[in-house]
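Below: one structure, written as structure tokens.
What you see below is based on every heavy atom in this structure, not just the backbone, and it leaves out hydrogens, waters and symmetry mates.
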Amino acid sequence: ERWRGTASASVETPVRYVYGVDLSGLDHEAIRLGNIMGMYEITIPRPTRIAAEVDGSRPVEEVVEVSGTRLRAVAGEFYLGLARKEIYEQARKSALPKDVMDDIDLKTREQVEDLVRRFIGPSAEVRVRYKSDASR
């Protein structure tokens, strides 16, 4: 707010989150052959966020509001720039809903199971557990 009026801006843009699991730190105890039915069990770390990719080149919506004697082209563009800059920080700080995180966990399990089957054999029974689940 200024004596000449107010100016504000908001931006909505797509964000893509990238998750992954680092398997390079697994030791020989991470994979074991179960005694019952010969099932392979692998214990891995939970997926973690690797990146948050903000597509600022194609915003979904940009809103600029000015009042009074403020010039939309000047004040609006300044605040629009601040809003664009804030998108990256908001994307980095945001947490995904539990159902989305559960889906990431499920897809990661499936991908690791497929990876292990490539080495052991396509008919192998493989079960993936997360380190935090291992004590259950």
Quiz prompt | From I104 atom CD1 to R109 atom CZ, the distance as rounded to the nearest 0.5 Å | solution = 13.5 Å
Practice problem: Considering non-hydrogen atoms only, spot the tightest contact between P45 and V21 and give its length. | Solution: O-CG1, 3.6 Å
Quiz prompt | Side chain Y17, main chain R92, donor-acceptor under 3.5 Å | solution = no
Quiz item: Hey, quick one: are Y88 and I50 part of the same hydrophobic cluster, counting side-chain heavy atoms closer than 4.5 Å, chains of contacts allowed?
Solution: no
Quiz item: Of the non-hydrogen atoms in R84 and V11, which two are nearest, and what is the gap between them?
Solution: CG-CG2, 4.0 Å
Quiz item: Roughly how far apart are E125 CD and R117 CZ, rounded to 0.5 Å?
Solution: 7.0 Å
Quiz item: Do you see a donor-acceptor pair shorter than 3.5 Å between the side chains of R49 and Y19?
Solution: yes
Quiz prompt | R118 with D114: basic N within carboxylate O range, under 4.0 Å | solution = no
Quiz item: For the hydrophobic clusters of this structure (ILVMFWY residues joined by side-chain heavy atoms under 4.5 Å, transitively), does one cluster hold both I120 and L33?
Solution: yes
Quiz item: Rounded to the nearest 0.5 Å, what separation is found between the OG1 atom of T43 and the CZ atom of R32?
Solution: 6.5 Å
Quiz item: For the atom pair OG (S10) and CG (L82), what is the distance rounded to the nearest 0.5 Å?
Solution: 13.0 Å
Exercise. May I ask whether Y40 and F119 are part of the same hydrophobic cluster, defined by side-chain heavy atoms of I, L, V, M, F, W, Y residues being less than 4.5 angstrom apart, directly or through others?
Key: yes
Quiz item: From E41 CD over to I31 CD1, what is the distance, rounded to the nearest 0.5 angstrom?
Solution: 11.0 Å
Quiz prompt | Atom pair NZ (K131) and CZ (R46), whose distance is rounded to the nearest 0.5 Å | solution = 12.5 Å
Quiz prompt | Co-membership, hydrophobic cluster, residues L106 and L96, 4.5 Å side-chain | solution = no
Exercise. Begin from the C-alpha positions of D55 and R16 and carry the test side-chain contact (heavy atoms from CB on, under 4.5 Å) through to its verdict.
Key: CA-CA 8 Å; D55 187 359; R16 179 175 175 250; over 6 Å; no
Quiz item: Is any side-chain heavy atom of D22 less than 4.5 Å from a side-chain heavy atom of I44?
Solution: no
